[in-house]
Protein chains: 2
Amino acid sequence: MSGYKIRNMEEFAALSGLSRPTVSKYFNDPGSVRPRTRKRIEEALERYDFRPNIFAMNQNRSLTKNVGIVVPYLADPFFAEIARIIERRCIDAGFSPVLYSSHGEQKLEVEILEGLTALKPAGVFLAPLGRLSDRGAIERFCRNVPTVLFDSNIEGMGEAFVGSDNFSFVQQTVEYLCRTGSPPCFFEMRNPANPNANKRRRAYIRLMEEAGLEPHVIKVEGEGWGFEEIGRRGAHELFASGGPATDTVLCSNDRLAIGFLAACYERGLRVGRGDGCALRVASHDDHPFSRFTCPSLTTAAHEYEAVAAKCMETLFSLIEAGGRFENRMETLIPARLILRASA
Amino acid sequence: MSGYKIRNMEEFAALSGLSRPTVSKYFNDPGSVRPRTRKRIEEALERYDFRPNIFAMNQNRSLTKNVGIVVPYLADPFFAEIARIIERRCIDAGFSPVLYSSHGEQKLEVEILEGLTALKPAGVFLAPLGRLSDRGAIERFCRNVPTVLFDSNIEGMGEAFVGSDNFSFVQQTVEYLCRTGSPPCFFEMRNPANPNANKRRRAYIRLMEEAGLEPHVIKVEGEGWGFEEIGRRGAHELFASGGPATDTVLCSNDRLAIGFLAACYERGLRVGRGDGCALRVASHDDHPFSRFTCPSLTTAAHEYEAVAAKCMETLFSLIEAGGRFENRMETLIPARLILRASA
DNA sequence: AGATATTTTTGACGCGCGTAAAGAAATTTC
DNA sequence: GAAATTTCTTTACGCGCGTCAAAAATATCT
């Protein structure tokens with residue numbers, strides 16, 4: 001590679017022995033020029049290492065190759081994981097993904113969406129905060145930018161939603177727990193920000209009632225994103241005031257369960273399904289760390305890859321369709337039960 | 001806010017009763033126009049909701065307000081956490097942070113740096129892959145973009161490095177462990193990608209020798225970013241072949257320790273410092289989950305906020321200095337020992 | 001009030017590229 | 001080998017804003 005620095009496409013075109021419009025055409029779609037021309041450009045590219053100016057490119061295009069990925073809280077490994085997979089797939093598909101975290105704050109989510117609009121993205125994957133989201137701001141955003149919601153559904157927002165089928169999650173854990181021992185209580189936060197939590201509680205209650213069993217919902221106090229600590233404290237309070245109604249606890253999500261297990265350990269309560277175990281604990285999400293809890297956590301797993309694949313597929317067809325679907329598309333992906341030691 | 005959509009700054013300036021250059025001046029520095037003029041612009045801003053076109057703005061500026069944050073693996077909660085704090089501070093300082101994860105791959109790290117160059121960022125925070133990094137590519141990048149390395153130091157690269165003082169980390173854990181029980185073995189990966197691991201091993205050996213004790217380094221096999229699983233498997237192999245030389249194990253980092261603790265639990269080995277405990281385990285990093293392990297993990301903590309603050313401060317002075325320091329600046333921040341139940 | 005300093009306006013050019021039209025050149029077709 | 005087709009070149013304009021110089025307007029000071 002020559003050390004010479006090229007200033008612009010004009011200069012690069014001259015060095016390739018071609019005209020600028022032809023080179024411009026190549027960069028927009030390498031397949032749109034004659035093979036021999038393409039080869040000449042790519043040879044020059046090897047020699048001179050030129051890249052068209054992104055800002056100038058995007059300025060004159062109504063649509064860019066940018067794709068936004070917005071999650072509510074990136075320090076939550078669940079979102080880090082799903083974002084990682086989606087990001088990877090965007091890159092492989094030739095897009096420029098830009099990753100944002102709302103850090104759990106409404107104001108930041110709104111600002112991110114506003115800033116994202118200015119990037120004229122081809123599309124956006126948005127996992128909204130949920131209860132804390134500014135519905136007006138999200139609606140406004142979705143009108144301007146082709147958006148696929150994921151993880152948390154907000155009725156009517158965006159052209160599509162891809163997420164997990166919460167009913168399937170709870171159905172599998174409840175069915176398994178009832179079949180192999182006493183029916184579970186349900187352990188959750190009192191005011192969950194994430195709408196999935198509500199769906200899971202309702203699924204639990206419905207499934208218990210359908211089985212002729214009495215549902216027990218344990219609600220613990222706590223705000224914010226420190227779920228493990230909320231679960232830990234809640235568990236201690238629960239045990240201090242007599243403990244759960246049965247010896248089986250189903251947590252709304254793995255992060256609460258991680259805290260719950262920590263509290264059990266601190267109290268010397270052995271968790272698991274064998275002899276000498278005081279109680280069973282199961283949960284939902286298959287958090288990346290749930291196989292390293294003590295004991296390892298029985299949980300209903302998200303199909304991370306399947307969710308990511310469906311997200312991509314949905315956004316592509318949305319872009320093809322010009323940014324609008326006739327009917328809002330909802331895809332719910334069922335869970336996969338993972339049996340480990342805790343239940 | 002009026003529903004009318006403004007096309008460009010020209011139009012917005014006209015609606016504010018001002019000229020475009022004045023408005024342009026305002027957007028570059030709101031304090032550079034007369035207070036009354038500023039008020040007029042901001043009132044118009046309330047009414048019409050105009051934002052200058054990012055692409056056009058950046059095209060004509062030699063330097064943007066973009067700041068890149070590159071971490072080796074965002075699904076690692078340690079990096080998610082440090083990235084979160086840095087990102088937050090960038091936003092508060094009026095910059096536009098863009099977050100990238102190398103996903104543990106050299107090729108991706110190089111591509112990110114190349115793409116980042118095109119964004120003409122005011123500066124970049126780079127936590128390199130370490131051993132897997134393409135040194136040539138990073139060097140080239142650092143020549144073009146004011147870069148502050150963090151977490152992993154690579155000698156001579158970038159204008160500055162901000163990280164944790166590995167010697168201080170190990171010093172504190174070793175001192176504590178030796179003072180309160182038998183001296184520790186050191187548990188680590190055989191081929192760590194991250195240079196901090198090597199510094200920690202050397203610190204351990206040196207500290208043990210200085211104390212007249214024999215160092216024992218246990219090296220476990222494993223590649224990639226699944227540290228917990230590597231630690232878990234390594235621990236099982238260790239116990240299967242006779243166990244550690246002493247009843248105290250110091251892990252190179254918390255993620256290995258999380259796996260180690262999982263293995264101990266699976267083997268029915270009680271960890272902690274009380275009676276009836278088979279061994280003590282300590283570690284380094286204060287991983288966000290280390291307080292929820294069973295037992296909770298005694299560890300040397302990064303001063304996350306201090307590291308982030310120093311990163312910001314360093315980059316600011318680097319930008320002020322025109323992107324070059326006379327001498328490469330290295331800041332090492334000492335650890336804070338956190339005593340929990342595991343040792 | 002007049003002189004001086006500061007701020008704003010006017011007008012103009014440039015950034016690097018997208019894109020369109022018309023003609024030239026190369027390629028394919030019969 | 002000529003006609004039809006495809007591809008490329010030339011020329012030119014536009015995108016939205018940064019930035020500069022000179023002139024005009026406004027504010028500050030004595």
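Here the structure is a predicted model, which means the values were calculated and not measured. Numbered from 1 within each chain, the chains take letters A, B, ... in sequence-line order.
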Worksheet item: At what angle, to 10 degrees, do the two end axes of the helix from C/dA1-D/dT30 to C/dC30-D/dG1 meet, given five pairs define each axis?
Response: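 The end axes of the helix from C/dA1-D/dT30 to C/dC30-D/dG1 are about 10° apart, to the nearest 10°.
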Worksheet item: Hey, does A/Asn28 reach any base, or is it just sugar-phosphate, or nothing, if we go heavy atoms under 4.0 Å?
Response: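 Contact class for A/Asn28: sugar-phosphate only.
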Discussion item. Under 4.0 Å, counting only non-hydrogen atoms across every strand here, what does B/Phe50 touch: a base, just sugar-phosphate, or nothing?
Written reply: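 It contacts sugar-phosphate atoms only.
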Worksheet entry | A/Glu330 side-chain N/O to A/Phe161 backbone N/O, donor-acceptor pair under 3.5 Å |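 Judged by distance alone, no pair lies under 3.5 Å.
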Worksheet item: Would you find a donor on one side and an acceptor on the other, under 3.5 Å apart, between the side chain of B/Arg328 and the backbone of B/Met157?
Response: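 Such a contact is found between B/Arg328 side chain and B/Met157 backbone.
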Salt-bridged, [X] to [Y], with N to O below 4.0 Å?
X: B/Arg84; Y: B/Glu81; result: yes
X: A/Arg38; Y: A/Glu42; result: yes
X: A/Glu11; Y: A/Lys5; result: no
X: B/Arg89; Y: B/Glu305; result: yes
X: B/Arg40; Y: B/Glu43; result: no

Practice prompt. Answer whether the closest heavy-atom distance between the side chains of B/Phe12 and B/Leu45 falls below 4.5 Å.
Written response: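 SC-SC contact between B/Phe12 and B/Leu45 confirmed.
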Discussion item. Whole angstroms only, please: what is the CD-P distance between B/Gln59 and C/dC17?
Written reply: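 Roughly 8 Å, once rounded to whole Å.
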Item to complete: If the plane angle is over 60° it's perpendicular, under 30° parallel, otherwise tilted; pick one for B/Trp225 and B/Phe79.
Response: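 Geometry flag for B/Phe79 against B/Trp225: perpendicular rings.
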Worksheet entry | Boundaries of the chain A footprint along DNA chain D (any atom under 4.0 Å from a heavy atom) |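 The protein-touched segment is D/dT7 to D/dG16.
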Listed pairs under 3.5 Å, donor-acceptor, residues 93-100 of chain A side chains, sequence neighbours left out:
none

Under 3.5 Å, sequence neighbours excluded: what are the donor-acceptor pairs made by side chains of residues 115-126 of chain B?
unit_1, atom_1, unit_2, atom_2, d
B/Thr117, OG1, B/Leu113, O, 2.7
B/Lys120, NZ, B/Asn58, O, 3.2
B/Lys120, NZ, B/Gln59, O, 3.4
B/Lys120, NZ, B/Arg61, O, 3.3

Worksheet item: Taking the six-membered ring for Trp, are A/Tyr73 and A/Phe78 ring centroids under 6.0 Å apart?
Response: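 No, too far apart.
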Worksheet entry | Neighbours of DNA chain D within residues 7-14 of chain A, by heavy-atom distance under 4.0 Å |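 None - not one residue of the stretch has a heavy atom sitting under 4.0 Å from the strand.
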Worksheet item: Base, backbone or nothing for each nucleotide of nucleotides 8-14 of chain C, written B, S, -, heavy atoms under 4.0 angstrom, 5' to 3'?
Response: SBBBB-B
Discussion item. Can you confirm whether A/Arg324 is buried at CZ, in the sense that more than 12 heavy atoms of other residues, nucleotides or ligands lie under 6.0 Å from that atom?
Written reply: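 Above 12, so yes.
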